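To start, the structure itself, in structure tokens.
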Amino acid sequence: MYGLFYAGKIPTLAQHEVNPGLPKSDRLNYIYFTLPVCINFQRSSPAMWKSALETFNDSETNYLFYPEKLAETNIEKIRTDLIKHKLGLQPNKHTEIWTRISSTLHKYFDNDPRKILQSKNFDVVEILKMLQETDKDKFPYLRGNKLSNYWLYILSQYTDIKLKNMHKISIIPDTHVLQSTFKLGLTDKLESPEIVIEVWQELLTGHKITPVQMHPVLWNWSRNNFLPEV
């Protein structure tokens with residue numbers, strides 16, 4: 001499967017993490033690929049990123065990507081502006097998540113997601129432990145198994161971050177990955193995300209291919225109706 005994809009035999013769908021093309025090392029680039037991730041659940045990911053870009057490019061809503069500005073803004077205005085371009089689909093829930101993560105960045109990390117990574121020496125294992133266990137109350141939804149791994153994967157693709165223990169970033173167990181894993185015969189039925197994570201972690205142990213590298217391969221394969229056949 002991996003070979004077929006990189007041989008160009010599995011169609012690559014359009015990139016859906018559309019973005020403003022900021023310098024990879026820029027603080028704002030890290031924020032752009034952090035805050036939207038926190039509300040990227042139970043929705044269309046391509047549509048979410050489209051809304052994120054529209055919100056970023058709108059001079060009236062661009063402030064949403066600056067934690068220091070959010071800290072001085074009325075919650076009602078934040079709610080209104082977050083839903084203006086449908087970045088926030090659930091006015092209360094998405095606004096709460098967005099503002100809480102932003103507040104965490106503002107209070108503890110100098111308004112900069114890079115400081116989170118630096119605080120754990122860029123080690124995937126330690127970063128995930130902080131998000132999911134030791135400081136999980138500071139990271140609503142981002143602390144979840146799916147989003148925490150997705151965040152690190154997105155950062156590895158769109159920023160200049162150099163992470164240690166990349167193989168510890170799990171495959172992102174979305175619907176397409178679950179279906180592809182079953183289609184490949186790696187599970188007897190459509191299993192839970194947790195089991196699928198374990199399947200790919202075990203399968204790729206000792207290989208140069210990391211579990212998260214398989215995510216776009218399986219995602220595209222499922223979206224292409226499992227063609228080519230393997």
Side-chain angles (χ1 to χ4, degrees), residues 12-41 43-73 78 81-82 84-88 94 97-124 126-128 130-131 135 138-144 146-166 169 172 210 212-213 215-216 219:
T12 301
L13 301 184
Q15 170 191 332
H16 64 251
E17 289 93 358
V18 292
N19 63 86
L22 298 166
K24 286 191 172 184
S25 62
D26 195 87
R27 173 185 78 111
L28 194 54
N29 188 51
Y30 276 79
I31 292 175
Y32 183 84
F33 287 109
T34 295
L35 290 178
V37 167
C38 302
I39 58 173
N40 191 15
F41 57 90
R43 64 189 300 184
S44 166
S45 187
M48 191 284 297
W49 286 109
K50 177 176 180 292
S51 295
L53 183 59
E54 291 175 350
T55 302
F56 185 89
N57 287 335
D58 186 335
S59 60
E60 294 183 355
T61 56
N62 176 268
Y63 76 92
L64 290 168
F65 293 89
Y66 291 82
E68 62 271 31
K69 295 180 181 180
L70 276 166
E72 301 175 351
T73 305
I78 294 173
D81 291 338
L82 199 59
K84 180 179 180 180
H85 297 289
K86 298 183 180 179
L87 178 52
H94 285 168
I97 295 169
W98 190 281
T99 54
R100 281 185 61 191
I101 297 292
S102 178
S103 178
T104 291
L105 291 173
H106 182 62
K107 291 180 179 179
Y108 304 105
F109 299 101
D110 197 24
N111 304 300
D112 191 343
R114 294 173 300 184
K115 299 291 180 68
I116 298 175
L117 308 166
Q118 291 170 2
S119 73
K120 297 303 177 183
N121 199 27
F122 305 102
D123 189 323
V124 167
E126 294 303 316
I127 295 168
L128 289 176
M130 175 179 64
L131 295 177
D135 291 291
K138 297 175 182 175
F139 301 98
Y141 278 82
L142 190 59
R143 67 191 174 208
K146 179 179 177 179
L147 290 188
S148 57
N149 282 277
Y150 175 63
W151 179 51
L152 294 181
Y153 168 67
I154 288 296
L155 292 183
S156 74
Q157 297 298 300
Y158 294 100
T159 74
D160 67 341
I161 188 68
K162 302 298 181 185
L163 293 168
K164 300 174 183 177
N165 289 317
M166 276 287 293
I169 301 178
I172 314 303
T210 64
V212 76
Q213 282 181 294
H215 178 264
W219 193 88

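Just the heavy atoms: all of them, side chains too, but no hydrogens, waters or symmetry mates, feed the values below. What you see is a predicted model; the values in this text were computed from it and never measured.
Taking the six-membered ring for Trp and thresholds of 30 and 60 degrees, Phe41 and Tyr141 have nearly parallel ring planes, at less than 30 degrees apart.
Looking at Asp112, its side chain does come within 3.5 Å of a backbone N or O of Arg114 through a donor-acceptor pair. Judged purely by atom type and a 3.5 angstrom limit, Thr61 uses its side chain to pair as donor or acceptor with the backbone of Thr55. One N or O on the side chain of Asn62 and one on the backbone of Phe56 form a donor-acceptor pair closer than 3.5 Å. For the pair Thr104 (side chain) and Lys138 (backbone), a donor-acceptor distance under 3.5 Å is present.
Note: Leu152 CG to Met166 CE = 8.5 Å, rounded to the nearest 0.5 Å. One distance of note links CD of Gln157 with CD of Glu17; it measures 8.5 Å at 0.5 Å rounding. Remark: Ser156 OG to Gln213 CD distance equals 9.0 Å, nearest 0.5 Å. Atom CG of Asn149 is separated from atom CG of Leu131 by 9.5 Å, given to the nearest 0.5 angstrom. Between the CD1 atom in Ile154 and the CD1 atom in Ile169 there is a gap of 10.5 Å [rounded to 0.5 Å]. For the atom pair CG of Leu35 and OG1 of Thr99, the computed distance is 10.0 Å after rounding to the nearest 0.5 Å.
Considering every non-hydrogen atom in both Asn40 and Leu147, the closest pair reads O-CD2, 3.5 Å. Here the shortest heavy-atom pairing between Ser102 and Leu70 reads OG-CD1, 3.1 Å. Here the closest non-hydrogen pair linking Asn29 and Lys24 is ND2-O, 3.2 Å. Closest of all the heavy-atom pairs between Leu87 and Ile39 is O-CD1, 3.3 Å. Heavy atoms only, all atoms of each residue included: His106 and Glu68 are closest at ND1-CA, 3.8 Å. Of all non-hydrogen atoms in Val37 and Tyr150, the two that sit nearest each other are CG1-CD2, 3.7 Å.
Using a 4.5 Å heavy-atom cutoff, the side chains of Met130 and Ile116 are in contact. Residues Ser103 and Tyr108 fail the side-chain proximity criterion, which asks for heavy atoms closer than 4.5 Å. Under the 4.5 Å side-chain criterion, counting only non-hydrogen atoms from C-beta, His85 is in contact with Asp58. Contact of the Leu155 side chain with the Leu117 side chain is registered, since non-hydrogen atoms from C-beta on lie closer than 4.5 Å. Side chains of Tyr66 and Arg27 form a contact here, defined as non-hydrogen atoms less than 4.5 Å apart. Side-chain contact between Leu82 and Leu64 is present, with at least one heavy-atom pair separated by less than 4.5 Å. In this structure, the side chains of Pro36 and Trp49 come closer than 4.5 Å at one or more pairs of heavy atoms. Side-chain contact between Pro113 and Phe33 is absent, with no heavy-atom pair separated by less than 4.5 Å.
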message: As a quick check of understanding, evaluate side chain to side chain contact (heavy atoms under 4.5 Å, CB included) for Glu126 and Asn121, giving each step before the final call.
response: CA-CA 8 Å; Glu126 294 303 316; Asn121 199 27; over 6 Å; no

message: Set out, in order, the CA-CA distance, both residues' side-chain angles and the distance that settles ring pair (Phe, Tyr, Trp, His ring centres under 6.0 Å) for Tyr30 and Trp151, then state yes or no.
response: CA-CA 10 Å; Tyr30 276 79; Trp151 179 51; 8.7 Å; no

Step-by-step side chain to side chain contact (heavy atoms under 4.5 Å, CB included) determination, Arg43 to Lys86: CA-CA 11 Å; Arg43 64 189 300 184; Lys86 298 183 180 179; 5.6 Å; no

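Annotation for Lys84: atom NZ counts as buried by contact number, over 12 foreign heavy atoms lying within 6.0 Å.
Looking at Asp81 and Tyr63, their side chains do bring a donor and an acceptor atom within 3.5 Å of each other.
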